[in-house]
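Throughout, protein chains are lettered first and strands after them, A, B, ... in sequence-line order, and every chain is numbered starting at 1.
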There are 2 protein chains.
Amino acid sequence: MAESTGKRADARRNEKALLDAAAAVFVSDGVDAPVRKIAAEAGVGMGTIYRHFPTRADLVVAVYRHQVDACAEAGPALLASAESPFAALRSWVDLFVDFLVTKRGLAAASRNDPDGFAALHGLFLERLLPVLDDILAAAREAGEVKSDVPAYQLLRAIGDICAGAERVDPGYDARITIGLLLDGCRG
Amino acid sequence: MAESTGKRADARRNEKALLDAAAAVFVSDGVDAPVRKIAAEAGVGMGTIYRHFPTRADLVVAVYRHQVDACAEAGPALLASAESPFAALRSWVDLFVDFLVTKRGLAAASRNDPDGFAALHGLFLERLLPVLDDILAAAREAGEVKSDVPAYQLLRAIGDICAGAERVDPGYDARITIGLLLDGCRG
DNA sequence: TGCCAAGTGGAACACTGCTCCGTATATTCG
DNA sequence: CGAATATACGGAGCAGTGTTCCACTTGGCA
C-alpha cells in the first residue's frame with residue numbers, strides 16, 4: 001500500500017528521516033552544516049544520504065520546496081486582497097525576505113558550490129519568478145511602477161541582499177535596502 | 001637603510017613576494033585560491049605565508065588596500081568636478097562597483113570566514129564610509145537625495161549586490177540593481 | 001668570525017564533500 | 001514458510017581545504 005513509488009519501505013523511511021534531520025540541523029547549524037552531521041542526526045550512513053540526495057543542494061531544495069511553494073501561492077492572493085498592486089508587491093517581497101532571513105544561510109547556501117546554486121536558483125526561478133512577474137506587471141499597469149526592470153533582476157537582487165545580510169550586524173537591516181530598491185522601481 | 005621596520009631583509013623580501021604572488025593568483029584563480037598555491041607561486045612555505053598574514057583575509061586586505069585608498073581619494077575630486085552631487089554619487093558608486101566586480105570573488109572572499117569578513121569590511125568602513133557619507137550629505141543638501149538612508153546601509157548593500165553578482169550570468173547586471181537603489185534614494 | 005633571535009619550510013592535523021563496495025535486508029516467488 | 005535476489009545501507013577511504021607546529025636555516029650584530 002501507501003506510495004506507489006517502487007522504493008523499498010526502509011528507503012522511504014530513511015528519506016523522510018533525512019529530510020527531518022536536515023531541517024533540524026539547518027535550523028541549529030545553518031544550511032552549511034556538514035553532511036556528516038545530517039547523516040548522524042538521521043541515524044544513517046554517508047552512503048544513504050548521497051543515495052537519496054546526490055548533492056547537498058538537492059537536500060536543501062527538498063527541505064524548503066514546500067515553503068517556496070507557499071510563498072509562490074501567496075502571490076495571487078496578495079494581489080487580489082492588497083489595496084494596490086504596489087502594496088501587494090511590498091507584501092510579497094516581505095514574505096520572500098522573511099523566508100530567506102529566517103533560514104540561516106539559505107540564500108548563501110550555494111555560494112561555494114556552483115551546482116547547489118543552480119538548484120536553489122532554479123527553484124526560485126521556477127516557482128517565484130512568474131509570481132513576481134505578475135505582480136510587477138499589475139503594478140506597472142496601475143502606473144505604480146515606472147522602471148522596466150525585469151522581475152529576474154529584482155528577484156535576484158533581493159536574494160543577494162539577503163544573502164549578504166545573513167551576517168549578524170545590529171546596524172544593518174536588509175529590509176531598508178530592499179525598501180529603497182522598491183522605491184527605485186516606482187521611478 | 002630602507003624601511004625602518006625592524007624586520008629582517010629576507011622577511012621583507014618574502015612579504016613583497018607574497019603580495020605580488022597573491023595579486024597574480026587572485027587575478028587568475030580568484031580570491032578564493034588555495035593558500036598553498038599562493039605560497040608556491042611566491043616560492044615560500046606555508047609557515048611563511050601565515051607568519052606574514054595570519055589569515056587569508058589579511059592578505060586580501062594587504063593586496064587591495066591601495067586600490068581602496070585610490071577609490072576613497074577619488075571621492076572629493078568627483079564631488080568637486082561633477083555637475084551635481086548626485087552625479088558625483090553615481091560616479092563614485094560606479095568606481096566602487098568597478099573595483100568590486102573586476103576582482104573575482106573579492107566581495108565574497110570572506111563569506112566563509114567571519115574573521116576575513118571583518119577585515120575586509122573594516123577596510124571599507126574605515127576608508128570608504130566617510131567618503132560616501134560626505135557625498136551623500138552633499139546630495140542631500142542639494143535636495144537630490146530625500147531618503148535618510150545611512151551611508152553604511154548603502155555601502156553594504158552595494159557590496160552585497162556585487163558579491164551576489166559575481167556568479168557569471170549574462171542575464172544579470174548588478175549595475176542595474178544599484179542604479180535602482182540610487183534612484184530609490186532620491187525618494 | 002661566531003652567535004642567536006628572527007625567519008623559514010613543509011609535514012601533519014582537523015575538517016570538509018563525496019565515492020565505493022562489502023554487507024544486510026525487504027520483498028518476492030516457489 | 002523458506003530461500004533467492006535486487007535493493008539499500010554503512011562507513012572507511014580519497015582528495016582537497018585552511019591552519020599549526022617545530023626542527024632547521026640564516027641574516028645581522030658584536
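- Rounded to a whole Å, the CZ atom of B:Phe53 is 16 Å from the P atom of D:dT20.
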Are any protein N/O atoms closer than 3.5 Å to N/O atoms in nucleotides 27-30 of chain C? If there are, list each pair with its distance.
unit_1: C:dT27; atom_1: OP1; unit_2: A:Ala9; atom_2: N; d: 3.3

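- Look at A:Tyr50 and you won't find any side-chain N or O under 4.0 angstrom from OP1 or OP2 of C:dT19.
- Which of C:dC18, C:dT8, D:dG18 sits closest to the side chain of B:Pro34 comes down to D:dG18.
- In this structure, B:Tyr152 and A:Tyr172 have perpendicular ring planes: the angle between them is above 60°, well past the 30° mark.
- Regarding contacts with the backbone of C:dG7, every side-chain N or O of B:Asn14 stays at 4.0 angstrom or more from both OP1 and OP2.
- A straight line from CG of A:Leu59 to P of C:dC18 spans 11 Å, rounded to a whole angstrom.
- Along DNA chain C, the nucleotide closest to A:Gly47 and the one closest to A:Val35 are compared, and the more 5′ of them pairs with A:Val35.
- Here the nucleotide nearest the side chain of A:Val44, chosen from C:dG17, D:dC9, D:dG10, is D:dG10.
- The pair A:Lys37-A:Asp32 does not meet the salt-bridge criterion, since no charged nitrogen lies less than 4.0 angstrom from a carboxylate oxygen.
- Whole-Å rounding puts the A:Arg51 CZ to C:dA24 P distance at 16 Å.
- B:Met46 has its CE atom 15 Å from the C1' atom of D:dC22, to the nearest Å.
- Taking the six-membered ring for Trp and thresholds of 30 and 60 degrees, A:Phe96 and A:Phe124 have ring planes more than 60 degrees apart, a perpendicular arrangement.
- Atom-to-atom, CG of A:Asp29 to P of C:dC15 comes out at 14 Å; the value is rounded to the nearest Å.
- In this entry the distance linking NZ of B:Lys37 with P of C:dG10 reads 18 Å, nearest Å.
- Here A:Ala40 lies out of heavy-atom contact (under 4.0 Å) with every strand.
- For A:Glu15, the side chain to side chain contact (heavy atoms under 4.5 Å, CB included) criterion is met by A:Lys7, A:His52, A:Phe53, not counting sequence neighbours.
- A:Arg13 has its CZ atom 15 Å from the C1' atom of D:dG10, to the nearest Å.
- Across the interface with DNA chain D, nearest-nucleotide mapping of A:Thr48 and B:Pro54 shows A:Thr48 to be the residue nearer the 5′ end.
- One finds a side-chain N or O of B:His52 lying less than 4.0 angstrom from the OP1 or OP2 phosphate oxygen of C:dT8.
- The pair A:Arg90-A:Asp94 does not meet the salt-bridge criterion, since no charged nitrogen lies less than 4.0 angstrom from a carboxylate oxygen.
- For the side chain to side chain contact (heavy atoms under 4.5 Å, CB included) with A:Leu136, the qualifying choice from A:Leu155, A:Leu154, A:Asp148 is A:Leu154, the only one to do so.
- What separates CZ of A:Arg36 from C1' of D:dA12 is a distance of 10 Å, to the nearest Å.
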Identify each donor-acceptor pair in which a side-chain atom of residues 68-87 of chain A lies under 3.5 Å from a protein atom, sequence neighbours left out, and give them as a table.
unit_1: A:Asp69; atom_1: OD1; unit_2: A:Arg127; atom_2: NE; d: 2.5
unit_1: A:Asp69; atom_1: OD1; unit_2: A:Arg127; atom_2: NH2; d: 3.0
unit_1: A:Ser81; atom_1: OG; unit_2: A:Ala77; atom_2: O; d: 3.2
unit_1: A:Ser84; atom_1: OG; unit_2: A:Phe86; atom_2: N; d: 3.4
unit_1: A:Ser84; atom_1: OG; unit_2: A:Ala87; atom_2: N; d: 3.1
unit_1: A:Ser84; atom_1: OG; unit_2: A:Glu144; atom_2: OE2; d: 3.0

